[in-house]
Amino acid sequence: MSLPVAPKPAIRRFQQARWDEPIIFELSTPGERGVLVSQVEPGVRDAVGDVVGSLPASLRRASKPKLPEIGQMRVLKHYLRLSQENLGADFNVDVGQGTCTMKYSPKINDQLIGTPQLTDMHPHQDPADAQGVLEIVWSLERMLAEISGMDEVSLHTQGGSAAIWSNIAMIRAYHEANGEGEQRREVITTIFSHPSNAAAAKAAGYEVITVFPDAEGYPDLAALKAALSPRTAAIMVTNPEDTGIYNPAIREWVDAAHAVGALASYDQANANGILGITRARDAGFDVCHFNLHKTFSTPHACGGPGAGANAVSAALAPFLPGPRVVRQDDGTFDVADEGAQSIGAVAPFHGVIPNIVRAYSWIMALGAEGLLAAAEIAVLNNNYLMARVLAIPGASAPYATGRRRIEQVRYSWEELFQDTGVSSEEIGIRMTDFGMHYWTSHHPYVVPQPFTLEPTESYSMAELDEYAATLAEVAREARETPDVVRTAPHNQTVHHTHHDDLDDPERWAITWRAYQRKYFSESVAS
Amino acid sequence: MSLPVAPKPAIRRFQQARWDEPIIFELSTPGERGVLVSQVEPGVRDAVGDVVGSLPASLRRASKPKLPEIGQMRVLKHYLRLSQENLGADFNVDVGQGTCTMKYSPKINDQLIGTPQLTDMHPHQDPADAQGVLEIVWSLERMLAEISGMDEVSLHTQGGSAAIWSNIAMIRAYHEANGEGEQRREVITTIFSHPSNAAAAKAAGYEVITVFPDAEGYPDLAALKAALSPRTAAIMVTNPEDTGIYNPAIREWVDAAHAVGALASYDQANANGILGITRARDAGFDVCHFNLHKTFSTPHACGGPGAGANAVSAALAPFLPGPRVVRQDDGTFDVADEGAQSIGAVAPFHGVIPNIVRAYSWIMALGAEGLLAAAEIAVLNNNYLMARVLAIPGASAPYATGRRRIEQVRYSWEELFQDTGVSSEEIGIRMTDFGMHYWTSHHPYVVPQPFTLEPTESYSMAELDEYAATLAEVAREARETPDVVRTAPHNQTVHHTHHDDLDDPERWAITWRAYQRKYFSESVAS
Amino acid sequence: MTFVHPYIPNTAPESRAAMLAAVGAASIDEFYADIPESLRLNRSLDLPAPLVAEQDLARHVRGILAKNRSTQERLSFLGAGVYNHYVPAVVDEVIGRSEFLTAYAGEPYEDHGRFQALFQYQSLMAELLEMDVVNVPTYDGYQATATGLTMSGRITGRPRVLVASDVLPAKLAKVADYVRAHLTLEHVPTIDGTADIAALAAALGDDVAAVWVETPSATGAVEAALQQIADAAHAAGAVLVVGTDPIGYGILTPPSLGGADIVTGDIQSLGLHQWYGGAHGGFIAVHDDPKFIMEMPSRLFGLATTDVPGEYGFGDVAYDRTSFAHREEGKEWVGTAAALWGIAAGVYLSLMGPEGMAELGETLLARTRYAQQALAAVPGVELDDDAVHLREFTVTLAVPASDVVTALREQGIEPGVVVDSHRLLVCVTELTSQADIDTLAGALASVITPELAEENKR
Amino acid sequence: MTFVHPYIPNTAPESRAAMLAAVGAASIDEFYADIPESLRLNRSLDLPAPLVAEQDLARHVRGILAKNRSTQERLSFLGAGVYNHYVPAVVDEVIGRSEFLTAYAGEPYEDHGRFQALFQYQSLMAELLEMDVVNVPTYDGYQATATGLTMSGRITGRPRVLVASDVLPAKLAKVADYVRAHLTLEHVPTIDGTADIAALAAALGDDVAAVWVETPSATGAVEAALQQIADAAHAAGAVLVVGTDPIGYGILTPPSLGGADIVTGDIQSLGLHQWYGGAHGGFIAVHDDPKFIMEMPSRLFGLATTDVPGEYGFGDVAYDRTSFAHREEGKEWVGTAAALWGIAAGVYLSLMGPEGMAELGETLLARTRYAQQALAAVPGVELDDDAVHLREFTVTLAVPASDVVTALREQGIEPGVVVDSHRLLVCVTELTSQADIDTLAGALASVITPELAEENKR
Ligand SMILES: Cc1ncc(COP(=O)(O)O)c(C=O)c1O
Ligand SMILES: Cc1ncc(COP(=O)(O)O)c(C=O)c1O
């Protein structure tokens with residue numbers, strides 16, 4: 001009776017696939033073809049003659065581009081092998097990328113968008129032929145209006161930061177329309193608001209003032225008031241902030257901004273903890289945005305396309321980007337030009353259609369009750385995980401001592417670092433050895449040796465336990481076998497990578513051709 | 001100037017993904033749901049009352065099945081992780097599964113079949129609504145008739161062995177129709193023909209006579225003639241055989257069978273080396289079959305569904321299975337019942353429709369010229385690889401000395417085994433450490449320490465070189481560090497596995513419930 | 001060759017030339033030296049011109065398939081062996097994974113995922129069926145039942161099989177031809193849709209290898225007296241072979257608990273699309289009894305330990321049974337069958353869980369009952385029996401069934417499969433809504449006018 | 001909660017309760033203590049009833065999407081920023097891989113595949129464009145050009161941009177609003193579809209940051225005098241920023257060889273479906289010059305060595321440029337943009353290779369020319385210019401363009417995009433066959449009758 005398999009160890013024995021593939025150019029074999037192009041019909045050829053030969057010399061490319069020549073299966077194999085060397089959220093207990101709401105992207109939604117009746121639609125088609133897609137755009141706008149409490153919604157942008165840009169562009173247009181464009185040159189944000197608020201405001205020509213929190217990590221109302229003035233165009237804040245702390249005085253913040261004639265812009269990229277609980281409108285905001293690729297489940301796609309949604313009050317509605325999808329009295333949908341005050345197009349056409357359909361489907365799968373459940377369980381998961389993490393010697397959650405957090409927590413390994421010299425970044429790299437992603441936090445590291453975890457609603461208790469146990473194991477290693485941590489990764493596709501080449505213009509190699517030229521061309525060799 | 005990366009080593013540094021996942025039952029958490037079922041409408045509920053309560057007691061299941069309870073993402077994650085632990089042909093230089101024609105299955109074909117206009121078709125629909133699928137079935141039959149030279153084709157079966165069964169079932173019906181059913185009780189095959197020929201004949205009630213090759217590995221015509229008699233129902237042979245040797249006297253074999261009133265059945269599962277070169281009909285066969293999942297590129301699907309195609313002469317056509325797809329005078333297609341002599345259904349409906357469409361698409365992508373190119377390059381690849389393999393000390397290709405082979409070769413490590421004690425099976429296991437599949441050969445091991453390689457047309461010279469170099473490396477290890485080979489795998493998902501539990505009825509565990517019952521139930525524990 | 005083909009890398013002229021040179025061949029023809037000239041085709045195959053550009057191929061095939069009208073575009077009540085159940089997206093995602101789709105016959109090392117997924121399939125089916133042993137799927141339910149019966153013949157050494165239920169004609173044809181070298185089939189006519197126990201008992205004898213029960217039967221009738229049949233069969237030394245569809249066993253008692261020895265059937269209902277009838281897998285389930293197991297032709301994946309504690313290994317159980325090991329000395333044969341569909345069914349059951357299968361079973365019973373009531377309420381439509389039905393049932397119409405089908409097809413409705421001049425086999429699933437059923441009833445009523453009914457009575 | 005949701009495992013009551021207990025909370029409401037009561041919604045959101053069963057959701061969404069008629073069902077000559085190029089199946093296969101689709105911001109270790117795939121994308125684009133540096137894609141061509149221009153402003157410290165080409169109105173609107181805090185745009189009207197070199201030279205001055213050329217322009221005209229423009233711009237100390245579509249550069253000289261300093265554009269043509277205009281990625285290419293590179297806001301993936309010889313590692317080049325590193329002190333901003341589309345374009349170029357891109361370019365030129373000829377042969381249709389056109393061109397019609405569109409839509413044809421009362425922008429690709437073009441010409445001829453043309457002249 002020998003069969004029984006011993007129980008599995010507490011910590012997963014993981015190894016990432018390793019294919020050690022060359023760079024694709026190295027796979028080239030003269031003459032091979034990956035896909036063939038349809039030949040021009042003889043009739044066309046006869047009618048047009050030698051179109052290439054008759055090009056002006058300036059337009060005729062002298063030699064073919066040095067793309068690789070590879071048969072189809074080998075191209076496929078190469079990229080499939082690379083895919084296995086990538087830790088998608090579908091494989092991961094992906095709670096380690098705090099602020100990014102790595103929730104489950106339902107496969108049914110990927111399947112639904114695959115129809116040619118979406119992939120093969122052109123935005124200039126007769127609206128009569130596009131009633132389905134227009135209906136979904138319009139319906140999702142209405143849903144997000146309800147979820148935010150705002151009046152009108154635009155889905156044009158391809159990411160959260162682009163939506164933040166739209167926010168500030170509308171604010172700018174609004175003040176200009178009111179003749180205050182010259183006067184209002186400042187935007188106020190907080191250090192725990194996403195960096196794109198500061199950066200987009202700057203790109204729009206504003207000076208940026210950053211408010212720091214009080215000792216307990218709460219946004220500092222007094223500091224805000226000191227910064228506000230008639231020069232203020234807007235406050236642009238995230239709430240809950242990256243710390244997972246909800247600003248209890250958010251209404252006062254908005255009121256204070258309004259008191260000096262500024263607008264209030266709410267970064268709700270990640271609204272995951274408060275869906276159905278509280279809304280941008282309830283706190284008095286003039287404009288907010290959501291990331292469909294966070295709160296509303298569209299996949300993160302290696303870093304996009306995501307999708308941004310801007311929601312505004314009636315006062316800002318005239319400034320929304322265009323074109324607009326409208327519902328006519330007979331219930332059909334049409335495309336209308338943006339109005340005269342609009343900031344115009346912020347991106348081509350109507351936004352990231354595949355993600356708009358996915359987000360619509362996600363909301364339809366959950367409804368009001370489900371959205372609330374998502375928020376509540378995300379918050380439950382977060383507080384549960386916090387209890388587990390704080391039980392690890394060396395980990396702490398600075399600020400708001402003894403209080404609960406909303407959907408994420410910015411933690412610190414400061415104590416562990418002081419004890420061992422092992423940094424948060426090193427711990428993150430070692431976590432990959434167990435098949436888990438871990439991210440430090442946004443810069444600057446106001447919290448020392450930071451890491452931000454956000455479990456969302458997608459993970460079961462068992463998965464949260466696994467993540468926490470793995471963190472604890474790495475922390476133990478940091479104390480007992482720090483070299484194991486410092487020399488990580490050990491179970492990964494690649495090994496410790498030297499970053500010094502990446503910041504030196506003489507040495508960096510941003511493309512294969514630059515690499516060849518810099519290091520292997522005759523002139524270098526000689 | 002430090003960047004340049006050293007050249008990659010000659011042998012790929014591979015590691016298979018390892019997730020160490022539990023068995024799915026271990027992931028169960030009470031109350032979780034993976035997918036929800038549509039609720040019955042209140043109107044239905046009212047009309048029918050308590051359908052479960054009103055079942056006879058004998059029909060009402062006492063307790064729910066002990067399936068696991070798992071949220072959707074965790075189910076997905078589990079199976080995705082398992083998928084990464086599997087070496088698909090898309091990832092592999094898959095020349096190691098000789099006789100199986102592991103060629104490229106074009107992705108476009110997978111994409112084409114994904115339409116609801118194929119997935120959601122019911123076989124009893126109005127033929128007017130099924131013209132597309134019927135056209136493809138009919139067209140593929142015609143194409144295969146041309147490729148085999150036979151008169152009629154049936155696509156009903158789901159695999160090559162099932163097609164072999166159809167062959168023998170038709171042969172049996174034919175002899176019975178001729179009043180020779182009682183007399184003809186024997187089927188002759190060769191040892192290098194696929195085992196399913198022997199096995200299916202036995203299942204159909206025949207005695208099986210197996211002919212062995214001559215000293216040079218050529219099928220032995222004299223031995224065949226000695227075995228033939230009025231008791232012979234059929235010869236059932238593969239050609240080229242598993243050795244890659246084409247029987248130059250194949251016509252004489254068929255004639256000899258015919259001379260005693262027997263039929264000749266040709267296993268063309270793998271016709272890859274002779275497409276457009278020579279045909280079953282040309283050698284006089286009465287019936288043959290193809291595997292669409294070998295020669296005609298449909299994916300092997302972890303072991304099915306494949307698809308079999310039976311092609312017959314006019315004399316055997318009345319015995320083909322049904323229903324039949326027919327083309328009417330007006331060019332439309334219809335479904336017709338099989339005739340009175342038909343062996344009837346051999347499987348539900350019209351065969352493996354997704355694979356029928358894939359095979360059709362593959363042929364259409366190549367045409368006559370492309371099919372010939374596939375054959376010729378498959379044969380070129382095979383002879384090229386043979387040269388590489390025979391350059392490895394310890395490897396040999398028994399039989400047909402100094403001659404070329406068609407599409408595959410049965411090799412032997414006998415010399416290496418004599419020198420080192422390392423077996424072909426052990427070499428195969430070690431090959432997996434480099435991300436490569438390798439198979440010994442069909443039983444019995446007439447060739448000692450055998451391995452059969454079949455490179456097909458899908459691999460570039462570079463990939464064949466890589467495979468051969470890896471084989472050479474393992475052979476070198478067998479001589480220099482045999483323990484490395486013997487204790488393999490080292491870079492795999494799992495490690496050396498103990499097979500002794502698998503053959504003992506007391507110990508085997510074919511399902512999770514049997515495992516639990518046998519090893520963990522109270523009665524065992526006590 | 002006039003083209004370099006993307007599927008055939010070495011059609012690139014330089015590669016081809018280099019390889020020929022490497023093996024010292026002047027031309028590819030040299031490799032074919034063993035094929036006599038008399039057998040050479042020596043002309044081009046007569047096939048349509050190739051569409052070597054993928055865009056052209058795609059347009060061509062899409063154009064043909066666009067001639068189809070799917071059951072998404074029609075209101076379908078078609079069953080009879082292919083069922084329109086919902087396939088969760090995760091199922092398609094998993095079996096669409098390149099690693100699974102394109103793998104074949106790897107070792108348990110490199111193909112650990114396949115072995116585990118199929119072991120899990122076996123295990124999940126085992127829970128649904130309450131049987132300890134399930135095979136890696138064979139082709140389809142027809143083959144599974146055929147093999148279940150030949151197993152009974154080998155186990156008992158007896159020649160007769162009693163068929164106690166109504167069986168789909170195609171299945172019966174397949175089984176009959178398959179087993180006839182070893183067994184004869186005798187049909188014991190059913191009463192009211194299910195087995196005639198008395199007649200069956202009378203037909204039993206010590207030459208009976210097996211009693212074969214289909215439940216749900218070809219008309220969707222569920223056999224409520226399975227245990228009685230089992231007892232009678234066992235008393236006669238016969239084996240009880242059941243052919244079934246597993247879809248209802250979240251709520252219905254599985255045959256093993258009614259005394260079945262070998263349970264067989266098709267897994268198309270468990271997560272496979274309809275595919276014009278082109279997607280099937282056959283399961284064969286037995287108890288953990290070597291007498292039965294050693295007669296199974298299919299592969300069986302079992303758990304094994306490895307050198308590393310806590311690691312599940314897998315391998316083939318009792319491989320020596322198979323034709324792979326011993327050619328004609330193995331049990332029937334084994335080959336490429338339906339593994340991927342087995343993985344699909346495993347994912348399906350993993351997602352559905354006990355609650356899902358129970359709710360689904362209840363939904364099917366309720367919708368079936370509702371459809372029976374709704375149709376029976378149409379003048380000129382009569383239910384053929386009052387057995388418990390799952391998913392399918394037959395009605396007798398006052399007018400020719402094929403006329404009704406023709407008329408309803410014009411309305412975009414496929415009302416069912418004609419099983420007899422005036423009989424129709426109607427099928428509903430969880431995808432058939434109440435409104436759908438009401439639409440069918442309305443359409444039937446409009447077609448079977450009282451007048452026509454009158455006419456037909458004459 | 002009344003349901004356990006498959007997407008939210010801990011809605012299972014036992015788990016929920018266990019977790020609350022573990023953290024010592026009586027209810028979830030405790031976690032929200034910081035949210036003042038006055039801000040609470042305290043009612044259910046007013047949303048449609050959920051479709052929690054996947055089958056119901058699928059039916060609902062499919063039902064809505066079935067209202068669309070795609071360009072597979074219509075004959076489409078629509079372009080204007082979204083192009084119907086063929087997408088090889090392998091592209092969709094790769095970007096459909098769960099590992100790529102759902103990954104986000106992993107380290108180069110765990111996400112080696114993503115880094116390599118995007119480094120390859122950069123490198124493949126670099127060959128097509130003959131430039132040494134290409135970014136990880138930003139949102140779209142609009143953004144790419146806008147950023148190209150703001151880069152030029154930062155590099156030169158100057159305030160004016162001269163727009164030398166016809167630009168799509170929406171792109172112009174986006175760019176104008178984007179750059180206006182830093183730059184003013186001045187349009188130098190084109191002649192015969194391309195730049196008016198003399199006027200451009202006259203407008204140049206030492207306050208000009210950049211000359212912006214679009215080629216192909218909004219009307220598909222290819223700028224043949226790029227080098228002259230570059231020379232003039234460079235002489236004035238300005239940067240040449242080109243907005244383009246990379247699809248033609250298998251056969252056309254890329255802008256870098258005509259003196260462009262910053263080349264920007266959209267990758268939709270390279271392997272992305274039309275998606276109703278919802279799939280774009282923006283590239284920004286520069287030479288390997290830190291003055292330019294350090295002004296780029298996007299991420300740049302570069303090669304690096306690892307501890308293991310022969311292993312390619314990757315990492316972020318000059319990360320300190322970015323807003324991730326320095327908030328408003330970074331260059332503009334960086335965020336989630338279009339990485340997956342970049343991978344798609346990389347796979348596309350890997351498949352196409354030099355021959356494929358060359359053949360495609362030639363095919364596009366030939367089809368465009370053929371379409372121009374075929375349409376110009378229709379009475380009442382005139383070509384607007386005789387510049388070299390790639391894929392798109394405009395015609396002036398003797399009747400109102402919107403009437404023509406309305407009439408042709410009734411025949412299932414989308415003849416093009418109306419760009420002016422009597423002007424139509426017509427687009428062809430490799431998917432537009434000769435027969436398709438002939439159909440369009442025939443349909444136009446039938447609509448623009450001489451009579452109507454006459455009437456409209458009055
Ligand atoms: C709060 C917040 N705001 C804005 C963003 C920026 O979104 P994106 O990455 O789509 O540009 C993020 C995402 O990281 C975020 O978490
Ligand atoms: C020559 C030959 N015949 C028959 C078969 C059996 O085909 P299948 O595996 O589809 O049953 C094979 C496949 O291994 C084969 O190579």
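In the text below, chain A, chain B and the rest are named by the order of the sequence lines, each starting its count at 1. Values reported hereafter were calculated over all heavy atoms of this structure, with side chains retained and with hydrogens, waters and symmetry mates removed.
- Side chain of D/N10 to main chain of A/Y459: a donor-acceptor pair is present (N/O by atom type, distance under 3.5 Å, no hydrogens or angles).
- At a cut-off of 3.5 Å, with distance as the only test, no side-chain donor of D/H5 or A/E457 sits close to an acceptor on the other residue.
- In this structure, NZ in A/K202 is found 13.0 Å from CH2 in D/W333, a value given to the nearest 0.5 Å.
- Using a cutoff of 4.0 Å between basic side-chain nitrogens and carboxylate oxygens, D/E362 and A/R45 are scored as salt-bridged.
- Within the 4.5 angstrom heavy-atom criterion, no atom of D/D320 approaches chain A.
- Checked by atom type, the side-chain pair A/Y79/D/S350 shows a donor-acceptor distance below 3.5 Å.
- In the model, A/Q492 has no side-chain atom that pairs as donor or acceptor with a side-chain atom of D/H112 under 3.5 Å.
- Per-residue heavy-atom pair counts under 4.5 Å with chain D were compared for A/D282, A/I510, A/L87, A/I353, and the maximum is reached by A/I510.
- In this pair, D/Y7 and A/Y104 present their aromatic rings perpendicular. The plane angle is above 60°, beyond the 30 to 60° band.
- Aromatic ring pairs are classed by plane angle as parallel below 30°, tilted from 30° to 60° and perpendicular above 60°; the pair A/H293 and D/Y104 is perpendicular.
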CA sep, side-chain torsions, deciding dist, call: A/H122, D/E414, side-chain hydrogen bond (donor to acceptor under 3.5 Å, both in side chains) = CA-CA 10 Å; A/H122 192 286; D/E414 290 279 2; over 6 Å; no
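- The structure places CE of A/M143 at 6.0 Å from CG of D/L47, a figure rounded to the nearest 0.5 Å.
- Note on ring orientation: taking the six-membered ring where Trp is involved, the planes of A/Y515 and D/Y312 are perpendicular (angle over 60°, cut-offs 30° and 60°).
- Looking only at heavy-atom pairs under 4.5 Å with chain D, the residue among A/G344, A/P56, A/P116 that has the most is A/P116.
- With values rounded to the nearest 0.5 angstrom, D/H326 atom NE2 is found 8.0 Å from A/H443 atom NE2.
- The shortest distance between side-chain heavy atoms of A/T119 and D/Q274 does not fall below 4.5 Å.
- Contacts between D/F31 and chain A at a heavy-atom distance below 4.5 Å involve backbone atoms as well as side-chain atoms.
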Take D/R74 and A/D126, measure what side-chain contact (heavy atoms from CB on, under 4.5 Å) needs, and give me the verdict at the end.
-> CA-CA 10 Å; D/R74 299 285 183 256; A/D126 188 351; over 6 Å; no
